[in-house]
There are 2 protein chains.
Amino acid sequence: MKLSESEENYIKSIYNLQIKTEKVNTNSLAVFLNTSPASITDMLKKLKSKKLLEYKKYYGFRLNEAGNTEALKIIRRHRLWEFFLVAKLGMEWDKVHDIAEELEHVSSPELINRLDAYLGKPKTDPHGDPIPDERGKVVLLKQKPLKDLAMKQNAIVSSVSSQGHEIMEMLNHYGIGIGSQIKVLKSFEFDGSLQIKIARKPECIISGMAAQNIYVYDN
Amino acid sequence: MKLSESEENYIKSIYNLQIKTEKVNTNSLAVFLNTSPASITDMLKKLKSKKLLEYKKYYGFRLNEAGNTEALKIIRRHRLWEFFLVAKLGMEWDKVHDIAEELEHVSSPELINRLDAYLGKPKTDPHGDPIPDERGKVVLLKQKPLKDLAMKQNAIVSSVSSQGHEIMEMLNHYGIGIGSQIKVLKSFEFDGSLQIKIARKPECIISGMAAQNIYVYDN
DNA sequence: AAATAAATTTAGACAAATCTAAAAATAATT
DNA sequence: AATTATTTTTAGATTTGTCTAAATTTATTT
Ligand SMILES: [Mn+2]
Ligand SMILES: [Mn+2]
Ligand SMILES: [Mn+2]
Ligand SMILES: [Mn+2]
């Protein structure tokens with residue numbers, strides 16, 4: 001299936017939102033893609049006509065099997081390029097998303113499979129997100145938002161929400177990265193902020209917003 | 001200057017044709033880009049309005065200084081990616097052009113300069129064409145078509161016309177590559193074909209067409 | 001159950017990039 | 001110099017992706 005850059009961006013966004021929120025709606029997709037709701041409706045019709053999406057007017061929409069497959073191909077390309085930019089070109093993890101957003105649309109399978117092999121078939125991208133394999137299989141980590149981590153439980157930072165570089169900029173400042181050992185010392189009900197301890201770093205406090213967008217797995 | 005993918009393809013094509021033929025005309029550009037002459041005229045107007053092109057109706061057109069600068073940026077990206085695909089991913093030199101044709105439109109300067117450094121600031125792409133440096137400077141080789149090489153003169157293959165993979169496919173078959181030592185043994189006036197000797201290969205005969213698209217420098 | 005609010009879709013417009021067919025300008029032949 | 005041929009441009013359509021404003025449907029309040 002040959003898809004335009006726009007179609008690919010929509011498909012990938014729907015996929016990514018479906019993971020986090022189960023039910024995606026027109027308005028939230030419009031906000032996410034920074035377009036108007038009317039444009040979303042237009043594209044939904046097109047993706048339906050290409051049989052990548054189940055869609056009933058006013059009722060809702062959802063990628064079907066074919067749509068999912070396409071989404072995973074795009075995500076594979078995106079994450080492999082992000083890995084390349086960090087591992088080979090030495091770019092910062094908070095700068096690679098926008099470039100990968102363009103590179104992901106170059107769709108030669110030979111290119112991507114060679115890139116994958118060249119990079120040593122990495123399992124996750126620089127933000128901790130899993131890279132689908134050639135057949136579209138993706139291993140989901142048993143992770144949870146830091147805000148749901150039990151008090152004083154040791155855990156490892158596994159990923160961060162990767163839309164936008166702002167969170168990574170901040171984590172760089174705190175010295176938090178993928179793989180950091182982390183523990184919650186205190187939770188403030190007032191605003192959901194957390195006092196935390198990163199291995200070999202001084203204690204610090206992060207906002208509830210941050211605690212929702214940092215993911216960890218138990219250790 | 002932010003340019004669309006189409007604008008970039010037109011600019012690059014005009015630049016490449018201007019090198020070979022001095023005067024480019026609407027029809028030949030249309031053939032080269034596989035579009036209609038009407039589309040060429042439309043784009044000429046747009047590029048003129050963006051001040052990248054000198055253009056007078058019916059009279060002719062030519063990239064100006066700004067247009068040249070843009071062309072060299074695109075060509076730099078194209079050739080660096082081609083080098084990457086061959087040197088790092090191990091692709092064949094006759095397969096990389098089409099992929100680079102897409103990658104060249106990803107225009108982050110940081111990406112390209114890091115890629116350049118990572119590849120060791122290569123001077124030429126896999127087809128022997130020079131890679132412009134960051135400031136757009138390009139070192140032209142003193143090369144000539146193989147058909148103009150004096151009889152029995154030792155020479156080195158320096159580049160091949162790189163539009164389309166067909167010539168490279170054929171050269172692979174003959175065992176000719178960039179850097180091959182080559183000598184013309186005999187020239188047939190009838191059809192311009194040449195009997196040649198490649199170092200450590202058996203003698204063979206190539207067509208006049210081929211002899212026009214293989215470039216060499218004296219040795 | 002009405003009324004109001006929110007979400008979604010339609011109607012109609014626009015810019016970009018392309019096309020075909022016709023017109024206009026230039027070049028080449030007789 | 002006229003005629004014919006070639007090249008180039010214009011006129012008018014089409015497709016894709018987008019928008020705003022209005023209409024429609026669904027959800028929420030009173
Ligand atoms: Mn993208
Ligand atoms: Mn990522
Ligand atoms: Mn291109
Ligand atoms: Mn090349």
Side-chain angles (χ1 to χ4, degrees), chain A residues 1-14 17-18 20-63 67 70-71 74 101-102 104-107, chain B residues 1-14 17-18 20-63 67 70-71 74 101-102 104-107:
Chain A
M1 173 113 11
K2 205 156 79 216
L3 298 167
S4 75
E5 189 163 330
S6 263
E7 290 168 333
E8 289 191 342
N9 284 334
Y10 276 85
I11 290 169
K12 192 186 58 160
S13 299
I14 295 170
L17 288 177
Q18 273 179 0
K20 303 265 163 191
T21 61
E22 186 64 28
K23 196 80 191 175
V24 186
N25 52 2
T26 303
N27 275 343
S28 55
L29 185 52
V31 169
F32 188 77
L33 280 169
N34 197 31
T35 58
S36 70
S39 302
I40 301 297
T41 302
D42 287 344
M43 186 59 89
L44 293 178
K45 285 178 192 164
K46 196 188 310 181
L47 294 179
K48 182 187 182 180
S49 84
K50 292 201 173 188
K51 300 198 193 309
L52 296 166
L53 191 80
E54 286 162 37
Y55 170 49
K56 262 187 185 150
K57 284 206 311 193
Y58 292 103
Y59 175 79
F61 54 91
R62 171 161 265 286
L63 289 176
E70 288 302 326
I74 304 159
E101 200 58 48
E102 298 187 51
E104 70 187 356
H105 303 292
V106 178
S107 64
Chain B
M1 172 112 13
K2 206 156 79 216
L3 298 167
S4 74
E5 189 163 329
S6 262
E7 289 167 335
E8 289 190 341
N9 284 333
Y10 278 85
I11 289 169
K12 192 186 57 160
S13 299
I14 296 171
L17 288 178
Q18 273 179 0
K20 303 266 163 190
T21 61
E22 187 64 28
K23 197 80 191 175
V24 185
N25 52 1
T26 303
N27 274 344
S28 55
L29 185 52
V31 170
F32 188 78
L33 279 169
N34 197 31
T35 57
S36 71
S39 302
I40 302 295
T41 302
D42 289 343
M43 186 58 88
L44 293 178
K45 286 179 194 164
K46 197 189 308 180
L47 294 178
K48 183 188 182 179
S49 83
K50 293 202 174 187
K51 300 196 194 309
L52 296 167
L53 191 79
E54 286 162 36
Y55 170 50
K56 262 187 185 149
K57 284 203 313 193
Y58 291 104
Y59 175 79
F61 55 90
R62 172 161 264 284
L63 289 176
E70 289 301 326
I74 303 159
E101 200 57 50
E102 298 188 50
E104 69 188 356
H105 303 293
V106 178
S107 64

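The sequence lines fix the lettering, A, B, ..., with proteins before strands; numbering per chain opens at 1. What you see is a predicted model, and the numbers here were worked out from it, not measured in a lab.
- A:Arg62 places no side-chain N or O within donor-acceptor distance of the main-chain N or O of A:Ile14, the cut-off being under 3.5 Å.
- Rounded to an integer number of Å, the gap from CG of B:Leu33 to P of D:dT8 is 14 Å.
- Within the structure, a side-chain polar atom (N or O) of A:Ser39 is placed less than 4.0 Å from OP1 or OP2 of D:dC19.
- Note: CD (A:Glu5) to P (C:dA16) measures 17 Å, nearest angstrom.
- Across all strands shown, B:Ser36 has heavy atoms under 4.0 Å from base atoms, whether or not it also approaches the sugar-phosphate.
- Separating the CD atom of B:Glu7 from the C1' atom of C:dA15 is a distance of 12 Å, rounded to the nearest angstrom.
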I'd like a table of atom pairs between the protein and nucleotides 9-13 of chain C - only N or O on both sides, under 3.5 Å - with the distance next to each one.
residue : atom : partner : partner atom : Å
C:dT9   : OP1  : A:Tyr55 : OH           : 2.6
C:dT9   : OP1  : A:Tyr58 : N            : 3.1
C:dT9   : OP2  : A:Thr26 : OG1          : 3.3
C:dT9   : OP2  : A:Thr41 : OG1          : 2.9
C:dT9   : O4'  : A:Tyr58 : OH           : 3.4
C:dT10  : OP1  : A:Lys57 : NZ           : 2.6
C:dT10  : OP2  : A:Lys45 : NZ           : 2.9

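- If you take NZ of B:Lys2 and C1' of C:dA15, they are 15 Å apart, rounded to a whole angstrom.
- Remark: A:Glu8 does not engage A:Lys2 in a salt bridge, criterion side-chain N to carboxylate O under 4.0 Å.
- At whole-Å resolution of the value, CG in A:Asn27 and C1' in D:dT25 are 14 Å apart.
- In this structure, the CE atom of B:Met43 is 16 Å from the P atom of D:dT10, given to the nearest Å.
- In terms of modelled atom types and a separation under 3.5 Å, the side chain of A:Lys12 and the main chain of A:Ile74 share no donor-acceptor contact.
- A side chain to side chain contact (heavy atoms under 4.5 Å, CB included) with B:Ser13 holds for exactly one of B:Leu29, B:Val24, B:Ile40; it is B:Leu29.
- Put simply, CG on B:Asn25 is 16 Å from C1' on D:dA5, counting in whole angstrom units.
- For B:Leu3 and C:dA16, the CG to P distance is 13 Å, given to the nearest whole Å.
- Every residue meeting the side-chain contact (heavy atoms from CB on, under 4.5 Å) condition with A:Ser107, not counting sequence neighbours, appears here in chain and number order: A:Arg77.
- Going from atom OG of A:Ser49 over to atom OH of A:Tyr55 covers 12.0 Å, rounded to the nearest 0.5 Å.
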